[in-house]
*Asks:* 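Provided herewith is a single structure, encoded as C-alpha cells, for subsequent inquiry.
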Amino acid sequence: MNLKALIADRLAAGFARAGAGDAPAAVGPATRAEFGDYQANGAMGAAKRLGLGPRELAQRVIDGTDFAGIAARCAVTGPGFISLTVADELLADALADRRIQPLPAAKVVMDYSSPNLAKEMQVHHLRSTIIGDAIARVLEALGCEVIRQNHVGDWGAQFGRLVAHLNDCGEDAVHLADLERFYTQASARVDEDPAFAARARRVVVDLHTGDAATLARWRRYIDVSLAHCQAVYEALGVSLRPSDVRGESAYNGDLAAVVADLAAKGLITESDGALCVFLDEFKGKDGSTVPVIVRKSDGAYLYHSTDLAALRYRAETLGADRVLYIVDARQSLHFRQLFALAKAAGYGAGVSFEHHPFGTMLGADGRPFKTRRGGGTRLLDLLDEATVRAGRLVQAKNPTLDAATTDRVARALGVGAVKYADLSKNRTSDYVFSWDDMLSLEGNTAPYLQYAYARIQSLFAKAGIPVEAAEPPLGPLATAEEHALALQLARFQETLEQVAATVMPHHLCSYLYDLAAAFMRFYERCPVLDSDLRNSRLLLSRRSAETLATGLGLLGIDTVDRM
RNA sequence: GCGCCCGUAGCUCAGCCGGAUAGAGCAUCGGCCUUCUAAGCCGGCGGUCGAAGGUUCGAGUCCUUCCGGGCGCGCCA
C-alpha cells in the first residue's frame with residue numbers, strides 16, 4: 001500500500017469540502033518528527049486565493065477529512081502545516097501483506113550498459129550497467145514488462161582499426177587481453193600514419209558491405225569480447241544475458257532504408273557530400289543549424305542513423321510504451337537530436353523516449369578520471385580488490401566462518417559495496433571516482449544494510465524458529481522506535497513508485513539505509529526474544545529482513561545470513 | 001563563440017510539484033559490550049547552501065546576471 005497516496009487521497013476530500021478542491025494537498029514525510037509522520041503543505045498556498053488565513057484553511061481541511069483508520073492524530077502546526085501521525089492500525093494493515101502493488105501495465109524498453117566492444121569493461125561502464133539494471137528490476141517488480149537492449153558498440157571504427165592492424169601484422173587475437181593490446185597499437189597508428197587510417201576506414205566499409213573474410217574476423221573478436229562482458233555482468237550480479245545483446249550491427253540492414261525514408265519525407269539535405277538533416281530545434285542565434293549527419297560523404301553510416309533505426313525497431317517492432325536510455329550525459333545533444341529526428345520522421349508517435357543521463361567520472365583532482373598510465377581502471381580489478389578487502393574484514397570480525405562461507409560473504413559485501421557506492425548517488429552531472437570510497441565498508445554502505453539483515457537472521461536462529469514463523473498481526477507499538485520502524489517499512493511501496501517515476505535508484509538506497517538505521521535503533525532499544533511483545537517485535541524483524549532482502553535484490557546486491 | 005549539466009560541512013554526498021531549526025556518511029573528540037552480531041548505538045565539533053539581485057507570506061529549491069568546474073557542438077561512438 002502507498003501510504004502517501006492514501007493520505008493525499010483522504011486530504012483531497014477535505015480540501016474540496018473547504019472550497020480548495022483544485023489545490024494539491026502536497027503530502028510528504030514530516031520534516032520534523034515531533035509533529036508526526038506526514039505533513040501536507042497545500043493549505044498555505046491555497047489560503048491566499050480563498051482569502052483565508054493559512055491556519056484557518058488548514059483547520060477546515062482537517063475538519064472536512066475522514067481520518068478513520070489512517071491517522072491517530074492530526075493538527076495544524078506552524079504557519080499552516082497539516083501534520084498527522086499514522087494510526088497503528090494502518091501500519092498493522094501495511095505490514096500484514098508485503099506484496100508490491102503493480103502499476104498500470106506498460107512495456108518498457110531499456111537501453112543500458114551498451115559498452116563498446118574490443119576493450120575491457122572499465123569502471124566508467126559501471127554506472128549505466130548497474131543503474132539500468134536496478135531500474136529494470138524495480139519496473140519489473142511493479143509489474144512492467146521490461147525488454148533489455150544491450151546496444152553494444154560492435155560496428156564502428158574501432159573494428160576497422162583493429163582488423164586493419166591485425167591484417168597488417170598477420171596476427172590473430174583469441175583473448176581479450178590480446179585484443180586490448182592490439183587495439184591500443186592500432187589507435188596509435190591511426191594518429192601517426194594517414195595511410196593506415198585510410199586502410200582502417202576501408203575495412204569499416206568492407207565490414208558494412210558484408211565482405212566474408214572481414215566479417216569472419218570481426219565475428220571472432222565480437223565473441224571474445226561479449227564473453228568477457230558476460231563474465232563481468234555475472235561478477236557484478238547484473239541481470240543482463242547474452243540474449244539481451246542487440247548491438248549496432250543488428251541494424252546494419254535497416255540503415256539504407258531509414259535514410260531513404262528520411263529522404264522521401266524531404267528531411268535530407270546534401271552538404272559537402274554528406275547526407276544531413278537540419279532541424280529547426282537546433283538553429284543557433286546566428287541562424288546556422290547544427291546538422292545531424294546520417295551518412296558520411298564516403299557512404300558510411302554513423303551512430304545517428306543506427307540509433308534512429310534502433311529507435312524505430314523498439315517502438316514499432318518491440319511495441320514499447322517507453323524507451324529509457326541510461327547513457328552518459330555527454331550524449332545529451334545526441335539524444336535531443338535523435339528524438340527530434342524521430343518526431344520529424346514520424347517514428348514512435350505516442351512512445352515516451354527518455355534519456356536519463358549520468359555524469360562524467362572525475363578523478364580525486366576534479367579532472368576527468370584517468371590512471372597514471374592514462375587508461376581506465378578495469379571493472380574486474382575493482383571488484384577483485386573490493387572482495388579481497390571485504391575478505392580481510394570478514395576474517396577479522398568473524399574468524400569462526402569456514403573458508404567457503406568467508407569467500408561467499410566477502411564477495412557479497414565487496415561487490416555490494418562497490419555497487420551501492422555508485423547507486424546511492426544522484427549525480428546527473430559529474431561525480432568523483434574514489435577507489436577508497438568505493439571500497440568503504442562502514443557507515444552508509446551496502447555492508448551496513450547487509451549487517452542489519454544478518455542480525456535479524458541471527459535473531460531468528462537464536463529464537464530457534466524460521467523467519468516465516470513470525471506472523472501478523474502486528475501488536476501495539478509500545479515505543480517510538482517500533483513506530484518509526486513500522487512506518488519506514490510501510491513506505492516501501494511509495495519508494496518503489498518514486499524510483500520508477502524518477503528513474504533514480506538512489507531513492508531506494510536512501511530508503512534502505514533509513515530502514516536499516518531504524519532497525520538498528522529498534523534492535524538496540526527493544527529486546528525482542530525476552531519480551532511480552534515478542535510476537536509483534538519478531539514480525540517487525542521479519543518484515544525488516546524481507547524488505548532489506550527485496551530492496552537489495554532490486555539493486556542487484558546479495559544478502560548473507562552470517563557475516 | 002553557442003549550448004547542456006553542476007557548485008550544500010575539511011572530504012564524499014542527500015535534500016521528493018518552494019514550506020518549519022539545511023540532513024547523512026567519512027574524518028575528528030567523547031560515552032556505551034556479564035542480555036538477541038560493537039561492521040553497531042548515543043552525543044560533541046563542523047555549513048552566510050559559489051556571489052549579487054529578483055519573484056513569493058515563505059527560496060538550497062524558481063528567474064536574471066556574474067564567478068568557478070565539467071561536458072558537448074558537420075562526416076568517432
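Proteins come first, then strands; the chains are lettered A, B, ... in the order of their sequence lines, and each starts at number 1.
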*Asks:* OP1 or OP2 of B:A39 versus the side-chain N and O atoms of A:Lys397: is any pair under 4.0 Å?
*Replies:* yes
*Asks:* Check every atom of B:U37, B:C41, B:A39 against the side chain of A:Met520 and return the nucleotide holding the closest atom.
*Replies:* B:C41
*Asks:* Select one nucleotide: of B:G19, B:A77, B:A20, the one nearest the side-chain heavy atoms of A:Asn116.
*Replies:* B:A77
*Asks:* Evaluate the salt bridge (charged side-chain N to carboxylate O under 4.0 Å, His left out) criterion for residues A:Arg127 and A:Asp422: first the C-alpha distance (whole Å), next the side-chain angles of each, then the deciding distance (0.1 Å), finally the verdict.
*Replies:* CA-CA 7 Å; A:Arg127 288 220 108 175; A:Asp422 200 302; 2.5 Å; yes
*Asks:* Where does B:C33 fall, syn or anti, if syn means a chi angle no more than 90° from 0?
*Replies:* syn
*Asks:* Please state whether the phosphate of B:C6, meaning OP1 or OP2, lies under 4.0 angstrom from any side-chain nitrogen or oxygen of A:Thr428.
*Replies:* yes
*Asks:* What distance, rounded to whole Å, do you find between the two P atoms, one in B:C11 and one in B:G30?
*Replies:* 23 Å
*Asks:* Does A:Tyr448 put a side-chain nitrogen or oxygen below 4.0 Å from OP1 or OP2 of B:C41?
*Replies:* yes
*Asks:* Nearest to the side chain of A:Arg562, heavy atoms from C-beta on, is which of B:U37, B:G74, B:A14?
*Replies:* B:U37
*Asks:* Between the base of B:A39 and the side chain of A:Thr445, is there a donor and acceptor pair under 3.5 angstrom?
*Replies:* no
*Asks:* I want to verify the glycosidic state of B:G74; is it syn or anti under the 90° rule?
*Replies:* syn
*Asks:* Tell me whether the side-chain N/O atoms of A:His506 come closer than 4.0 Å to OP1 or OP2 in B:G15.
*Replies:* yes
*Asks:* Choose from B:U12, B:C41, B:C36 the nucleotide whose nearest atom is closest to any side-chain atom of A:Asp437.
*Replies:* B:U12
*Asks:* For the residue pair A:Asp154 / A:Ser249, report whether a side-chain donor-acceptor contact shorter than 3.5 Å exists.
*Replies:* yes
*Asks:* Using only modelled atom types and a 3.5 angstrom limit, is any donor from either the side chain of A:Gln450 or the base of B:A39 paired with an acceptor on the other?
*Replies:* no
*Asks:* Can you tell me if A:Gln337 and A:His304 form a side-chain donor-acceptor pair at under 3.5 Å?
*Replies:* yes
*Asks:* Using the C1' atom as the reference point in each nucleotide, state the distance between B:A24 and B:C36 in Å, no decimals.
*Replies:* 27 Å
*Asks:* How many Å lie between CD on A:Gln395 and C1' on B:A39, as a whole number?
*Replies:* 15 Å
*Asks:* Taking donor-acceptor contacts at under 3.5 Å, does the side chain of A:Ser83 reach the base of B:A20?
*Replies:* yes
*Asks:* Taking OP1 and OP2 of B:A39, is either one under 4.0 Å from a side-chain nitrogen or oxygen of A:Tyr451?
*Replies:* yes
*Asks:* At under 4.0 Å, does any side-chain N or O of A:His507 touch on OP1 or OP2 of B:G15?
*Replies:* yes
*Asks:* Syn or anti for B:C17, with syn set at within 90° of 0?
*Replies:* syn
*Asks:* Compare the minimum distances between each of B:G40, B:C73, B:C13 and the side chain of A:Leu333, then state the nucleotide with the smallest one.
*Replies:* B:C73
*Asks:* Compare side-chain N and O positions of A:Arg525 against OP1 and OP2 of B:C42 and report whether any pair is under 4.0 Å apart.
*Replies:* no
*Asks:* Let's see if you can work this out: which of B:C71, B:A39, B:C36 has an atom nearest to the side-chain heavy atoms of A:Leu413?
*Replies:* B:A39
*Asks:* Test for a donor-acceptor pair under 3.5 Å between the base of B:U21 and the side chain of A:Arg32, counting only N and O atoms.
*Replies:* yes
*Asks:* Separation of A:Arg427 atom CZ from B:G7 atom C1', in whole Å?
*Replies:* 8 Å
*Asks:* What about A:Thr31, does its side chain sit under 3.5 Å from the base of B:A20 through a donor-acceptor pair?
*Replies:* yes
*Asks:* Using atom C1' of each nucleotide, how far apart are B:G47 and B:G54 to the nearest Å?
*Replies:* 25 Å
*Asks:* Give the rounded distance in Å between these two atoms: CD of A:Glu248 and P of B:C76.
*Replies:* 14 Å
*Asks:* Could you tell me how far B:A14 sits from B:C49 if I compare only their C1' atoms? Round to whole Å.
*Replies:* 13 Å
*Asks:* In whole Å, measure the gap between the C1' atoms of B:A22 and B:G60 for me.
*Replies:* 7 Å
*Asks:* Just the rounded figure in Å: distance from P of B:U37 to CG of A:Leu459.
*Replies:* 7 Å
*Asks:* Rounding to the closest angstrom, what is the interatomic distance between B:U64 and B:C4 at atom P?
*Replies:* 10 Å
*Asks:* For atom P, what is the distance between B:G46 and B:C29, given to the nearest Å?
*Replies:* 16 Å
*Asks:* Using a strict cut-off of less than 4.0 Å between a Lys/Arg side-chain nitrogen and an Asp/Glu carboxylate oxygen, indicate whether A:Glu482 and A:Arg537 qualify as a salt bridge.
*Replies:* yes
*Asks:* Look through every strand shown and name the nucleotide pairing with B:U12 as Watson-Crick or G-U wobble, where both distances are under 3.5 Å.
*Replies:* B:A24
*Asks:* Looking only at side-chain N and O atoms, does A:Asn398 come under 4.0 Å of OP1 or OP2 in B:U37?
*Replies:* no
*Asks:* Could you tell me if A:Glu497 and A:Gln493 have a donor-acceptor pair between their side chains, going purely by distance under 3.5 Å?
*Replies:* yes
*Asks:* Quickly work out the A:Phe519 CZ to B:C41 C1' distance and round it to whole Å.
*Replies:* 13 Å
*Asks:* For atom C1', what is the distance between B:A9 and B:G50, given to the nearest Å?
*Replies:* 15 Å
*Asks:* Measure from CG on A:Leu508 to C1' on B:G15 and round the result to the nearest Å.
*Replies:* 17 Å
*Asks:* Among the candidates B:C17, B:C16, B:G40, find the nucleotide nearest to the side-chain atoms of A:Pro29.
*Replies:* B:C16
*Asks:* Counting heavy atoms from C-beta on, name the nucleotide in B:C76, B:C71, B:G40 closest to the side chain of A:Thr360.
*Replies:* B:C71
*Asks:* Stacking check: are the rings of A:Phe81 and B:A20 less than 5.5 Å apart at their centres and under 30 degrees in tilt?
*Replies:* yes
*Asks:* So which nucleotide does B:G19 pair with, by the Watson-Crick or G-U wobble rule with both distances under 3.5 Å?
*Replies:* B:C57
*Asks:* Testing the 3.5 Å rule here: is there a donor-acceptor pair between the side chains of A:Tyr301 and A:Asn252?
*Replies:* no
*Asks:* Between A:Arg202 and A:Asp206, is there a salt bridge with N-O shorter than 4.0 Å?
*Replies:* yes
*Asks:* Find the distance A:Asp422:CG to B:G25:C1' and express it as a whole number of Å.
*Replies:* 16 Å
*Asks:* Only pairs with both distances under 3.5 Å count, Watson-Crick or wobble alike; so what is the partner of B:U48 in this structure?
*Replies:* none
*Asks:* A:Thr77 has a side chain; which of B:A20, B:C13, B:C76 sits nearest to it?
*Replies:* B:A20
*Asks:* With a 6.0 Å cut-off on ring centres, are A:Phe335 and A:Tyr325 close enough?
*Replies:* yes
*Asks:* Is it the case that the side chains of A:Thr77 and A:Ser83 hold a donor-acceptor pair, with the cut-off being a distance below 3.5 Å and no angle test?
*Replies:* yes
*Asks:* Go ahead and name the base partner of B:G3; Watson-Crick or wobble counts if both distances stay under 3.5 Å, otherwise write none.
*Replies:* B:C71
*Asks:* Go ahead and name the base partner of B:C41; Watson-Crick or wobble counts if both distances stay under 3.5 Å, otherwise write none.
*Replies:* B:G31
